[in-house]
There are 2 protein chains.
Amino acid sequence: MGSTQVDSPVTPETCSVTRTLSFVGSKWTPLVIFHLLPGAKRYGELQHLLPGISPKTLADRLQTLEGEGLLTRTVHPDKPPRVEYALTRRGRELGEILNSIAAWAES
Amino acid sequence: MGSTQVDSPVTPETCSVTRTLSFVGSKWTPLVIFHLLPGAKRYGELQHLLPGISPKTLADRLQTLEGEGLLTRTVHPDKPPRVEYALTRRGRELGEILNSIAAWAES
DNA sequence: CCGTATCCCTACCGATACTG
DNA sequence: CAGTATCGGTAGGGATACGG
């Protein structure tokens, strides 16, 4: 006998793609990821690579990406302080997808 | 002699990925694309497939996607009016990328 | 050097009512 | 049926000043 239960529709709240794009699509986030793909960078380096970004926004993006497990934040106990950000494997995987979007968009 | 000209930095305004995600990342847009992947749908069908979306938002998303060349809008001269939306080849290509994001997000 | 704290503005999105 | 018009809330992001 067939079930009378219909599939519950996917909503923006339950869609994995919508959820992913909700933070990857934030302003500056793709560029942050691109700049980290070649290797770890310091906070100040990213600021110079991203002219126009505010310190608040850069910190927001880095913290969100860290919270999503896409990058790691490493504090080196130096004076003056030195903090490095590096993509995780998962972050690099997402970077590859962003590259495929770039290829699609520019073709 | 090496040029003294440095690369002008990429900004969110000139980044093709940021620009793409600025509309693909809009709420409901990925779901609209997913529902159109199997084939053309009418406006009312999409409304029922997307419970909770407002008519304004649905119209906004469809018009944006049409403007980006990702779908076509076809008016059939019937009574009552019948309008169908179908992905273009480019729209289906983007849909495939969204599927790869889903695979990444769910892995 | 690496951020946080505030304030503010605006663009996105939802609800609702209405029209060809 | 397939939208448009209008209004309003809210969250994202910028500018700026300051702190560990």
Side-chain angles (χ1 to χ4, degrees), chain A residues 9 11-15 17-33 35-36 40-68 71-86, chain B residues 9 11-15 17-33 35-36 40-68 71-86:
Chain A
T11 66
E13 285 71 32
T14 62
C15 174
V17 175
T18 300
R19 194 197 160 282
T20 299
L21 296 186
S22 73
F23 64 87
V24 180
S26 297
K27 202 172 171 183
W28 296 104
T29 297
L31 290 176
V32 168
I33 293 173
H35 283 300
L36 290 178
K41 296 273 186 309
R42 302 176 57 173
Y43 182 90
E45 290 184 275
L46 290 171
Q47 262 192 324
H48 283 96
L49 290 167
L50 302 167
I53 197 171
S54 73
K56 178 196 174 209
T57 298
L58 179 53
D60 282 352
R61 295 303 166 271
L62 292 170
Q63 287 169 13
T64 297
L65 290 172
E66 187 188 8
E68 296 290 336
L71 61 76
T72 57
R73 177 179 184 272
T74 307
V75 181
H76 299 270
D78 303 355
K79 272 199 91 147
R82 191 170 119 248
V83 180
E84 285 198 331
Y85 295 90
Chain B
T11 66
E13 286 70 33
T14 61
C15 172
V17 176
T18 299
R19 194 196 160 285
T20 299
L21 296 186
S22 74
F23 64 88
V24 180
S26 298
K27 203 173 170 183
W28 296 105
T29 297
L31 291 175
V32 169
I33 293 173
H35 283 300
L36 290 178
K41 296 273 185 307
R42 301 176 57 173
Y43 182 90
E45 290 184 276
L46 290 171
Q47 260 192 327
H48 284 96
L49 290 167
L50 301 168
I53 197 172
S54 72
K56 180 199 175 204
T57 299
L58 180 54
D60 282 351
R61 296 302 163 272
L62 292 170
Q63 287 170 14
T64 297
L65 290 171
E66 187 188 7
E68 297 289 337
L71 62 76
T72 57
R73 177 179 183 271
T74 307
V75 181
H76 299 269
D78 302 355
K79 271 200 89 150
R82 191 170 121 249
V83 181
E84 284 198 330
Y85 295 90

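Reminder, nothing fancy here: chain letters follow the sequence lines and each chain counts from 1. In this text, all values refer to a predicted model and were calculated from it rather than measured experimentally.
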Check the distance between D:dA11's C1' and A:Glu13's CD and give it to me in whole angstrom. 15 Å
Is A:Tyr43 close enough to C:dT4 that one of its side-chain N or O atoms is under 4.0 Å from OP1 or OP2 there? no
Please confirm whether the shortest side-chain N or O distance from B:Trp28 to OP1 or OP2 of C:dG14 is below 4.0 Å. yes
Nearest-0.5 Å distance that lies between atom NE2 in B:His48 and atom OH in B:Tyr43: 11.5 Å
Residue-phosphate contact under 4.0 Å: B:Arg42 side-chain N/O, D:dA2 OP1/OP2: yes
Spacing of B:Thr74 atom OG1 and B:Arg82 atom CZ [to the nearest 0.5 Å]: 9.5 Å
By a strict heavy-atom criterion of less than 4.0 Å, which residues belonging to residues 56-68 of chain A are in contact with DNA chain D? A:Lys56, A:Thr57, A:Arg61
To the nearest 0.5 Å, what is the distance between CH2 on A:Trp28 and OG1 on B:Thr11? 6.5 Å
Strictly by modelled atom types, are A:Thr57 and A:Ser54 linked by a side-chain donor-acceptor pair under 3.5 Å? yes
Less than 4.0 angstrom between a side-chain N/O of B:Arg73 and OP1 or OP2 of D:dA2, yes or no? no
Which nucleotide in C:dA15, C:dC2, C:dC1 has an atom nearest any side-chain atom of A:Val83: C:dC2
Can you check the B:Gln47 CD to D:dT4 C1' distance for me, whole Å? 13 Å
Mind checking if A:Phe23 touches a base, just sugar-phosphate, or nothing, with heavy atoms under 4.0 Å? nothing
How many angstroms lie between OH in A:Tyr85 and CG in A:Leu71, if you round to the nearest 0.5 Å? 8.0 Å
For B:Gly25, is there any backbone N or O sitting under 3.5 Å from a side-chain donor or acceptor partner on B:Thr29? no
Within this structure, what is the CG-to-P distance between A:Leu21 and C:dC13, rounded to whole angstrom? 12 Å
Spacing of B:Leu49 atom CG and B:His35 atom NE2 [to the nearest 0.5 Å]: 5.0 Å
Counting distance only, does the side-chain N/O of A:Glu66 pair as donor-acceptor with the main-chain N or O of A:Gln63 below 3.5 Å? no
Rounded distance in Å - NE2 (B:His48) to C1' (D:dC1): 11 Å
Could you give the NZ-to-C1' distance, from B:Lys27 to D:dG9, as a whole number of Å? 13 Å
In whole angstroms, how far is the C1' atom of C:dG14 from the CG atom of B:Leu50? 15 Å
Nearest 0.5 Å please: distance from the CZ atom of A:Arg61 over to the CG atom of A:Leu31. 11.5 Å
May I have the distance from B:Lys41 (atom NZ) to D:dC1 (atom P), rounded to whole angstrom? 17 Å
In short, the helix from C:dC1-D:dG20 to C:dG20-D:dC1 is bent end to end, axes from five pairs each side, to 10°, by 50°
Distance in angstrom units between B:Glu84 CD and D:dG3 C1', rounded: 16 Å
